[in-house]
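Start at 1 and go down the list; that is how both ligands and their atoms are numbered. Heavy-atom basis, side chains included; hydrogens, waters and symmetry copies ignored.
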Amino acid sequence: MYAQKANAPTRKPVTVPSLRAMKAEGRRIVMLTCYDASFAAQLEMAGIDVALVGDSLGMVIQGHKSTLPVTLDHMVYHTSIVSRGLDATLLIADLPFMADRDVAHVLEAGAQLVGEGGAAMVKIEGASPHILEAITALVERAIPVCAHLGLTPQSVHKFGGFRIQGRAQDAADRLVEDAKAVEAAGADLLVLEGIPTALGERITRAVSIPTIGIGAGPHCDGQVLVLHDMLAVTPGKRPKFSKDFLAGRDSVAAAIAAYAEDVRSGAFPAPEHGFD
Ligand SMILES: Nc1nc(=O)c2c([nH]1)NC[C@@H]1CN(c3ccc(C(=O)N[C@@H](CCC(=O)O)C(=O)O)cc3)CN21
Ligand SMILES: CC(C)C(=O)C(=O)O
Ligand SMILES: [Mg+2]
């Protein structure tokens, strides 16, 4: 961890219980992905609540076309270097593709991401029976879990691309049931990705744990974006739900601060960042 800057204001550490308190009090949760110590220090100084070491690093750091080639070793490495740049910001790490092959692998991955990597929480995609079992197994060992539903990128081949999920009524109903199931299994946080705005609102009301949206509309309890998308350094096409916060600003610090302010005020996401 970097030493506290002499005149930097101190911030209370963000914790798993404090995220629940934020939902209860209607204070929006600000989350960004992060992959190294220097950017972690930028997130820390901007007062970002949660940093996510996403397996999106396979795309924006490694240059792959999906998140599937990312390994547990890659995730542990990036989690450990991000953790050195953080202080009060809560750190979450993604479980990579196929770390969920069985509960033993999930627990080993959780042990490495939290024990070696320094994450406070791990994120796992989906709500199939073996995922629910894995969530409970982690929570029973005091590893808090962030669930992830909707456009879960590790299912890209099943979806036939990065497609918005939950558009049909039956698919929407299934996602509401999945959200209740991950909460019942013990998840403390829920990322909703690539779903219609109305469904983001419905799920946020159906669960008592905070929801964090990315392409899920403005009614979620918080928002997350891929860091490279909001700084517009992602090569090629960026998802429609992202926004360039560096445009018209003169520093990375100003862009990250503006993102935090716009999420907290409700200015981001705007209707054009959502799906009907
Ligand atoms: N740079 C980056 N940003 C992300 O948000 C992101 C990643 N990488 N990698 C992992 C996943 C993949 N994600 C993506 C990627 C593309 C679309 C996309 O192109 N969506 C279309 C909508 C398609 C539809 O309507 O069904 C879009 O226009 O945004 C969405 C999510 C989100 N995550
Ligand atoms: C987009 C977020 C939610 C993610 O899972 C990632 O960055 O890998
Ligand atoms: Mg991910």
Side-chain angles (χ1 to χ4, degrees), residues 29-36 39 43 48 50-72 74-75 78-79 82 91-100 109 113 119 121-126 131 145-168 171 187 189-197 199-200 210-217 220-245 259 263 268-269 271-276:
I29 298 163
V30 184
M31 176 159 149
L32 267 181
T33 71
C34 192
Y35 314 100
D36 68 40
F39 279 100
L43 267 62
I48 299 299
V50 184
L52 169 68
V53 180
D55 59 353
S56 53
L57 72 84
M59 297 170 76
V60 297
I61 303 293
Q62 299 173 333
H64 294 295
K65 288 189 162 38
S66 78
T67 61
L68 308 187
V70 177
T71 67
L72 179 60
H74 298 152
M75 291 306 303
H78 283 277
T79 303
V82 166
L91 180 56
I92 305 182
D94 268 353
L95 287 177
F97 178 60
M98 285 301 280
D100 64 357
L113 291 167
M121 198 172 199
V122 299
K123 182 160 74 58
I124 186 164
E125 297 184 8
I131 299 292
V145 175
C146 175
H148 183 168
L149 298 173
L151 195 179
T152 43
Q154 291 172 16
S155 299
V156 62
H157 294 313
K158 204 174 60 183
F159 296 154
F162 296 120
R163 297 274 156 73
I164 301 310
Q165 300 295 305
R167 285 198 138 128
L189 196 63
L190 171 56
V191 165
L192 297 173
E193 175 168 355
I195 60 172
T197 293
L199 180 57
T211 63
I212 310 288
I214 172 166
C220 298
D221 300 303
Q223 298 289 328
V224 59
L225 279 180
V226 167
L227 179 65
H228 290 52
D229 292 343
M230 58 85 70
L231 298 175
V233 294
T234 305
K237 194 176 153 284
R238 282 178 279 116
K240 149 189 150 122
F241 52 67
S242 70
K243 180 180 172 181
D244 176 1
F245 281 91
Y259 167 71
V263 169
F268 179 83
E272 70 261 29
H273 303 118
F275 303 92
D276 297 322

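Of all atoms in ligand 2, listed by their number and element, those nearer than 4.0 Å to a heavy atom of T33 are 7 (O). Listed by atom number, the atoms of ligand 2 under 4.0 Å from H148 heavy atoms are 3 (C), 5 (O). Atoms of ligand 2 found under 4.0 Å from any heavy atom of G54, numbered from 1 in the order shown, are 6 (C), 7 (O), 8 (O).
Listed for the S242 side chain is no donor-acceptor partner under 3.5 Å among the backbone atoms of M230. Side-chain atoms of D229 never come within 3.5 Å of backbone atoms of R238 as a donor-acceptor pair (strictly under, hydrogens ignored). Within the 3.5 Å criterion, the main-chain N or O of H228 finds a donor-acceptor partner in the side chain of T234. Side-chain N or O atoms of Q165 include none that pairs as donor or acceptor with a backbone N or O of P196 at under 3.5 Å. Judged by distance alone, the side chain of Y259 and the main-chain N or O of M31 form a donor-acceptor pair under 3.5 Å. No donor-acceptor pair under 3.5 Å is formed between the side chain of K123 and the backbone N or O of L95. In this structure, T33 contributes its side chain and L227 its backbone to a donor-acceptor pair below 3.5 Å.
Residue side and main chain included, D55 places an N/O/S atom under 2.8 Å of the Mg ion (ligand 3).
Look at E125 and you'll find every heavy atom at least 4.0 Å from all atoms of ligand 2.
Nearest protein heavy-atom neighbour of atom 2 (C) of ligand 2: L52 CD2, 3.6 Å. Summary of contacts: the protein heavy atom closest to atom 5 (O) of ligand 2 is K123 NZ, 2.7 Å. Protein heavy atom in closest approach to atom 7 (O) of ligand 2: S56 OG, 2.6 Å.
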- Message: Run the side chain to side chain contact (heavy atoms under 4.5 Å, CB included) test on T152 and E193 for me, step by step, so that the C-alpha distance in whole Å, both residues' side-chain angles and the decisive distance to 0.1 Å come before the verdict.
- Response: CA-CA 7 Å; T152 43; E193 175 168 355; over 6 Å; no
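Defined by atom type and a distance below 3.5 Å, a donor-acceptor pair is missing between the side-chain atoms of H148 and Q154.
At a 4.0 Å heavy-atom cut-off, ligand 2 touches I214 through the side chain alone. Under 4.0 angstrom from ligand 2, the non-hydrogen atoms of D94 all belong to its side chain. With a 4.0 Å heavy-atom cut-off, ligand 2 is reached by the backbone of D55 and by its side chain too.
Sorted by chain and number, the heavy-atom contacts of ligand 1 below 4.0 Å come from S56, M59, V60, T67, L151, P153, F162, R163, I164, R167, E193, I214, V226, D229, T234, K237, P239, K240, F241.
Considering H78, E125, H74 in turn, E125 is the only one that fulfils the side-chain contact (heavy atoms from CB on, under 4.5 Å) rule with D55.
Looking at D94 and the Mg ion (ligand 3) together, the shortest N, O or S contact belongs to OD2.
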